[in-house]
Amino acid sequence: MTYEIVAINLGSTSTKVSYYRDETCVFSETIPHKAEQIRSFSSIWDQYDFRLEAIKRLLDQKEVDIKRLGAVVTRGGHTIPLEGGTYRINQAMLDMSRSEKYGNHATDLGLLIACALAGEGGGLPLTVDPPTTDEFEPLARYSGLMGISRRSSFHALNHRAVARQYARDTDRDYEKLNLIGIHMGGGITVVAHKRGRMVDANNGILGDGPFSTNRTGTLPTGPVIDMCFSGEYTREQIRRRLNGNGGLMSYLGEMDIRTIEKRIDEGDEKAREALEAMCYQTAKETAAMGAVLSGDVDAIYMTGGVANSARVTGLIRERVSFIAPVVIYPGEFEMQSLALNACEALKDPSRIKQL
């Protein structure tokens with residue numbers, strides 16, 4: 001029996017769609033969304049029809065029959081902490097995601113869209129290694145204030161996939177390696193892998209760590225308190241400033257790295273300094289994860305869409321190569337990981353977990 005699978009991955013400014021027959025990728029494409037299109041929506045949830053129709057148009061163009069799909073699998077949304085694995089998307093997961101209590105990102109909308117597509121054909125709506133995958137050690141949970149704990153919320157799917165790929169490429173056992181991973185996309189997350197477990201990471205949604213193309217990362221607490229109580233902003237406006245209009249978007253009015261690099265090449269010193277500052281903060285977070293691993297680091301990898309930039313990876317490498325060898329895996333391995341895990345789950349339903 002051949003299993004047909006559609007994998008989707010909603011990013012801040014793009015929607016990725018892959019179609020697999022068993023373990024074979026038939027096609028994988030990225031639907032770009034212009035920044036002004038995304039800014040026209042007041043929330044991620046308002047993008048539902050826009051994103052769903054874009055996916056359906058692509059599947060129609062590729063003559064994919066939704067009714068034949070065994071599964072629609074998506075990069076996960078935000079829920080209570082979960083162990084890694086393949087999950088069937090259910091109402092409890094959708095409710096937690098929609099509450100925004102555990103984070104909010106375009107991937108949360110992916111859960112709804114996967115259910116809608118799967119529902120049209122009777123396939124299974126699945127998600128793999130959600131961003132709230134939690135393998136933190138106790139010390140990593142301390143925030144400095146009783147009642148607030150640091151949460152495991154990062155690009156878990158791609159971090160795990162790239163770490164395992166590095167282990168395969170070097171003919172080593174992932175469960176015996178200590179690695180530091182840097183994922184650079186709409187957000188930047190830096191992870192410490194300790195013998196096969198992701199024991200610490202920054203929260204790249206509304207948490208801590210380096211600023212990114214459109215998120216603020218760690219901010220000085222005092223000015224944030226003042227902003228919240230200034231009366232100038234609603235709660236939602238503040239959240240949007242931190243996630244969506246923060247980072248490079250805040251400094252430069254632009255979050256596309258290629259456009260920013262073009263500005264730098266044309267002599268824009270403001271753009272050069274802002275991009276270097278993002279790399280500087282990323283390097284600092286990487287060194288911090290070196291301390292988590294007590295300096296015992298086998299390798300540092302960089303991945304995600306921004307890792308396609310030789311300027312960005314070069315600036316970070318200059319500051320962190322003293323810790324361990326640096327390897328680059330540009331782009332993401334997420335679509336492959338989603339589809340292959342979904343295929344394994346269809347062949348062996350006992351692998352499918354429930355929230």
Side-chain angles (χ1 to χ4, degrees), residues 5-20 23-33 51 54-55 58 72-78 84 86 103 105-111 113-114 126-133 153-169 174 179-191 193 198 201-202 204-205 209-210 212-215 255-258 282 286 299-310 312-313 316 326-343:
I5 299 161
V6 163
I8 62 174
N9 184 349
L10 277 66
S12 300
T13 59
S14 66
T15 300
K16 297 175 183 175
V17 181
S18 295
Y19 171 62
Y20 277 70
E23 292 88 1
T24 301
C25 181
V26 179
F27 72 82
S28 186
E29 294 198 9
T30 298
I31 306 169
H33 307 304
R51 299 267 194 159
I55 294 170
L58 177 61
V72 179
V73 58
T74 180
R75 181 175 158 207
H78 293 82
T86 301
H105 184 269
T107 55
D108 288 281
L109 185 58
L111 298 178
I113 290 176
L126 301 173
T127 187
V128 177
D129 286 340
T132 51
T133 295
S153 181
F154 59 98
H155 301 90
L157 176 64
N158 196 51
H159 274 293
R160 182 89 77 192
V162 174
R164 290 192 180 279
Q165 186 64 47
Y166 171 78
R168 285 192 293 270
D169 289 346
Y174 169 60
L179 304 171
I180 299 174
I182 305 168
H183 178 111
M184 297 179 288
I188 295 176
T189 55
V190 185
V191 176
H193 298 258
M198 297 182 285
N202 68 289
I205 301 295
S212 67
T213 57
N214 65 4
R215 300 176 203 168
M255 58 184 174
D256 183 79
I257 293 295
R258 291 165 297 184
T282 303
T286 303
I300 298 167
Y301 66 78
M302 284 187 262
T303 186
V306 178
N308 283 292
S309 166
V312 169
T313 57
I316 297 171
V326 179
V327 293
I328 314 296
Y329 287 89
E332 293 88 17
F333 288 70
E334 293 173 334
M335 304 306 284
Q336 175 185 343
S337 181
L338 287 171
L340 296 186
N341 276 281
C343 185

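Numbers for residues simply follow the sequence, beginning at 1.
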Distance-only side-chain donor-acceptor flag, Tyr329 / Asp169, under 3.5 Å = yes
Provide the closest heavy-atom pair for His193 versus Ala163 in the form atom of the first, atom of the second, distance.
-> CE1-CB, 3.5 Å
Report the distance from atom OG1 of Thr313 to atom CD1 of Ile328, rounding to the nearest 0.5 Å.
-> 4.5 Å
Could you pull out all residues at least two apart from Asp129 that satisfy side chain to side chain contact (heavy atoms under 4.5 Å, CB included)?
-> Thr133, Leu157, Arg160
Report yes if the side chains of Thr74 and Ile113 come closer than 4.5 Å at any heavy-atom pair, otherwise no.
-> no
Within a strict 4.5 Å, meaning less than it, do heavy atoms of the Tyr301 and His159 side chains meet?
-> yes
Working to the nearest 0.5 Å, report the span between OG1 of Thr189 and CG of Asn202.
-> 6.0 Å
Can you find a pair of side-chain heavy atoms, one from Ser14 and one from Ile31, that are under 4.5 Å apart?
-> no
Side-chain heavy atoms of Phe27 within contact of Leu58, under 4.5 Å | yes
Nearest heavy-atom approach of Gly11 to Ala106 is O-CB, 3.5 Å
Do Thr303 and Asn158 get their side chains close enough for a donor-acceptor pair, meaning under 3.5 Å?
-> yes
Hey, does the side chain of Glu332 reach the backbone of Gly305 with a donor-acceptor pair shorter than 3.5 angstrom?
-> yes
Are any non-hydrogen side-chain atoms of Val72 and Leu126 less than 4.5 angstrom apart?
-> no
When rounded to the nearest 0.5 angstrom, what is the spacing between CG in Leu10 and CG in Asp108?
-> 10.0 Å
Donor-acceptor under 3.5 Å (Ser212 side chain, Gly186 main chain) = yes
Can you find a heavy atom in the side chain of Ile205 that is under 4.5 Å from one in the side chain of Pro131?
-> no
Considering all heavy atoms of both residues, which atom of Ala114 and which atom of Ile8 are nearest to each other, and what is their separation?
-> N-CD1, 4.1 Å
State whether the side chain of Thr107 and the backbone N or O of Gly110 hold a donor-acceptor pair below 3.5 Å, judged by distance alone.
-> no
Sub-4.5 Å side-chain heavy-atom contact between His105 and Arg75 = yes
Charged N to carboxylate O under 4.0 angstrom, Glu334 versus Lys16?
-> no
What heavy-atom pair brings Ser12 and Arg51 nearest, and what distance separates the two atoms?
-> O-NH2, 3.6 Å
Tyr20 side, atom OH; Leu338 side, atom CG - distance, nearest 0.5 Å | 9.0 Å
Non-hydrogen atoms of Thr213 and Gly185 that approach each other most closely = OG1-O, 3.6 Å
Side-chain heavy atoms of Asn9 within contact of Thr15, under 4.5 Å | no
Report the C-alpha distance between Met184 and Ile316 in whole Å, list the side-chain angles of each, state the deciding distance to 0.1 Å, and finish with yes or no for side chain to side chain contact (heavy atoms under 4.5 Å, CB included).
-> CA-CA 11 Å; Met184 297 179 288; Ile316 297 171; 3.6 Å; yes
Least distance between heavy atoms, Ile300 atom then Ile182 atom | CG2-CD1, 4.0 Å
In Å and rounded to the nearest 0.5 Å, what is the CE to CD1 distance from Met335 to Ile5?
-> 11.5 Å
Would you please classify the geometry between the His183 ring and the His155 ring as parallel, tilted or perpendicular, with 30° and 60° separating the classes?
-> parallel
